[in-house]
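I have placed the structure first, in the form of structure tokens, so that the comments after it can refer back to it.
Chain letters run A, B, ... following the sequence lines, proteins first and then strands; every chain starts at 1.
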2 protein chains.
Amino acid sequence: MSRRTAQRDAIRAAFEAAGRPLKPDEVLALAQDAVPGLGAATVYRNLRRLTDDGWLRAVNLPGEATQLYERADLAHHHHFHCETCDRVYDVHVCPGDLSHLAPAGFRVAAHELVLYGSCAACAAE
Amino acid sequence: MSRRTAQRDAIRAAFEAAGRPLKPDEVLALAQDAVPGLGAATVYRNLRRLTDDGWLRAVNLPGEATQLYERADLAHHHHFHCETCDRVYDVHVCPGDLSHLAPAGFRVAAHELVLYGSCAACAAE
DNA sequence: ACTTGAATGAGAATAGATTATCATTATCAT
DNA sequence: ATGATAATGATAATCTATTCTCATTCAAGT
């Protein structure tokens, strides 16, 4: 059976507080505020488990070697990748139906849109 | 000084014939038709060199661990990733200016759009 | 044709993210 | 409170893409 742990609680809390997709090392840093001794293996274990449980979802972004995660209950949205601080933010708008963009004969099932630039914090500097 | 080699010619020819972004192992397979003994190291060396020379450009796609390349002289466009055969195709249309999609204060410098689904060949089956 | 060193091919080495191992800790049904 | 075992933490191991090493080959200026 499953047992509740302070480590997993802290990892969940990190996502709830961040409100944006997180990399494993970001999760580690954030969750270590609540659980100082937290180890990287535990973060990876729980990222996978929470994904299997349907609480998290893997986010695939261009050019990212590391796998990002976000809460699975979010509605369809896109992402903004800040080229300065390397953080990823949610963009809760969508250009809409893009199936007409594909060549004839191609069947479009989904799409991913990523904006690049500077986030508000980085653009202000 | 630079020397012309059959290997590099074959790699260039692979891109010209394919007309779509290629992974290193695809380049290797295609170029080996012209140069049977071609090694993987030579492919990687030339992908980097041709990129440095401005003939190729790296393509970053979501969820791709491997680095794709395409000819650098292509105009702005997007990509279609076939989930069946895993090939990537060019999509020569663009939804246009997307800067309004970003949150206030965010500065959009570029965007990447990827369509997912089945390419014509795979959808027909 | 000769010579120089750019380029290659094979395999070892590297790099980075993720996963496995295993002794230890701690949850929770009893 | 106790015991079974789920979960953890530290570290080793793995995995895969890419780069390095180095002896050998070959392009091209002479």
Side-chain angles (χ1 to χ4, degrees), chain A residues 1-15 21-70 79 81 86-88, chain B residues 1-15 21-70 79 81 86-88:
Chain A
M1 83 242 34
S2 173
R3 293 173 184 176
R4 179 170 190 173
T5 65
Q7 287 84 349
R8 185 153 48 244
D9 281 352
I11 289 167
R12 265 193 294 252
F15 280 97
L22 296 176
K23 302 193 233 300
D25 63 297
E26 289 181 306
V27 175
L28 177 62
L30 291 168
Q32 277 182 334
D33 291 341
V35 182
L38 183 63
T42 298
V43 169
Y44 279 104
R45 256 192 303 256
N46 280 295
L47 288 176
R48 184 158 56 159
R49 170 200 256 270
L50 290 170
T51 301
D52 291 344
D53 291 350
W55 197 85
L56 285 178
R57 160 209 302 157
V59 180
N60 291 318
L61 288 186
E64 281 292 320
T66 61
Q67 177 68 66
L68 291 159
Y69 293 88
E70 68 183 0
H79 297 101
H81 190 156
D86 201 39
R87 289 203 187 101
V88 176
Chain B
M1 85 245 25
S2 172
R3 292 176 184 173
R4 177 171 192 170
T5 66
Q7 288 84 349
R8 183 155 48 246
D9 281 351
I11 289 168
R12 265 192 294 253
F15 280 97
L22 297 176
K23 302 194 232 303
D25 63 297
E26 288 180 306
V27 175
L28 177 62
L30 290 168
Q32 278 183 335
D33 290 342
V35 182
L38 182 63
T42 299
V43 170
Y44 279 103
R45 257 191 302 255
N46 280 295
L47 289 177
R48 185 158 55 159
R49 169 199 256 272
L50 290 170
T51 301
D52 292 344
D53 291 349
W55 197 85
L56 284 178
R57 158 208 303 157
V59 179
N60 290 318
L61 288 186
E64 281 293 321
T66 61
Q67 177 67 67
L68 291 160
Y69 293 87
E70 67 183 3
H79 297 101
H81 190 156
D86 201 39
R87 290 204 186 99
V88 176

Practice item. Check the pair B:V59, B:V88 against side-chain contact (heavy atoms from CB on, under 4.5 Å), reporting the backbone distance first and the verdict last. Key: CA-CA 10 Å; B:V59 179; B:V88 176; 5.8 Å; no
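Scored by the side-chain contact (heavy atoms from CB on, under 4.5 Å) test, B:R45 finds B:A41, B:T42 as partners (sequence neighbours excluded). In this view, A:R87 satisfies the side chain to side chain donor-acceptor pair (under 3.5 Å) rule with no residue, not counting sequence neighbours. In this view, A:R8 satisfies the salt bridge (charged side-chain N to carboxylate O under 4.0 Å, His left out) rule with no residue, not counting sequence neighbours. Scored by the side chain to side chain donor-acceptor pair (under 3.5 Å) test, A:T51 finds no partners at all (sequence neighbours excluded).
Projected onto DNA chain D by closest heavy-atom contact, B:S2 and B:Y44 fall at different nucleotides, the more 5' of which corresponds to B:Y44.
Nearest approach of B:A6 to B:V35, heavy atoms of both residues: O-CG2, 3.7 Å. Closest of all the heavy-atom pairs between B:A58 and B:Y69 is CA-CD2, 4.0 Å.
Against DNA chain C, the stretch residues 29-42 of chain B makes heavy-atom approaches under 4.0 Å through B:G37, B:L38, B:G39, B:A41, B:T42. Applying a 4.0 Å cut-off to non-hydrogen atoms, the residues of residues 4-13 of chain A that approach DNA chain C are A:R4, listed by residue number. Using a 4.0 Å cutoff on non-hydrogen atoms, the parts of residues 45-62 of chain A near DNA chain D are A:R45, A:N46, A:R49, ordered by number.
Between the CG atom in B:L47 and the CG atom in B:L22 there is a gap of 9.0 Å [rounded to 0.5 Å]. Note that the CZ atom of B:R12 and the CG atom of B:L56 stand 9.0 Å from one another [nearest 0.5 Å].
Interface limits on DNA chain D: the 5'-most and 3'-most nucleotides within less than 4.0 Å of chain A heavy atoms are D:dA4 to D:dT11. Taking the 5' to 3' direction, DNA chain C first and last meets chain A under 4.0 angstrom from a heavy atom at C:dA17 to C:dC28.
Counting heavy atoms from C-beta outward, B:S2 and B:R49 have side chains that approach closer than 4.5 Å.
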Check your understanding: Dot-bracket for DNA chain C, 5' to 3', counting Watson-Crick or G-U wobble pairs under 3.5 Å, with [ ] for crossing pairs and | for inter-strand pairs?
Key -> ||||||||||||||||||||||||||||||
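Among pairs with a residue in residues 52-62 of chain B, those fulfilling side chain to side chain donor-acceptor pair (under 3.5 Å) read B:R57-B:E70, B:N60-B:Q67, at least two apart in sequence or across chains.
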Side-chain polar contacts of residues 25-34 of chain A - donor-acceptor pairs under 3.5 angstrom, sequence neighbours left out - could you list them?
{"residue": "A:E26", "atom": "OE1", "partner": "A:K23", "partner atom": "N", "Å": "2.8"}
{"residue": "A:E26", "atom": "OE2", "partner": "A:R20", "partner atom": "NH1", "Å": "3.4"}
{"residue": "A:E26", "atom": "OE2", "partner": "A:R20", "partner atom": "NH2", "Å": "3.3"}
{"residue": "A:Q32", "atom": "NE2", "partner": "A:L38", "partner atom": "O", "Å": "2.9"}

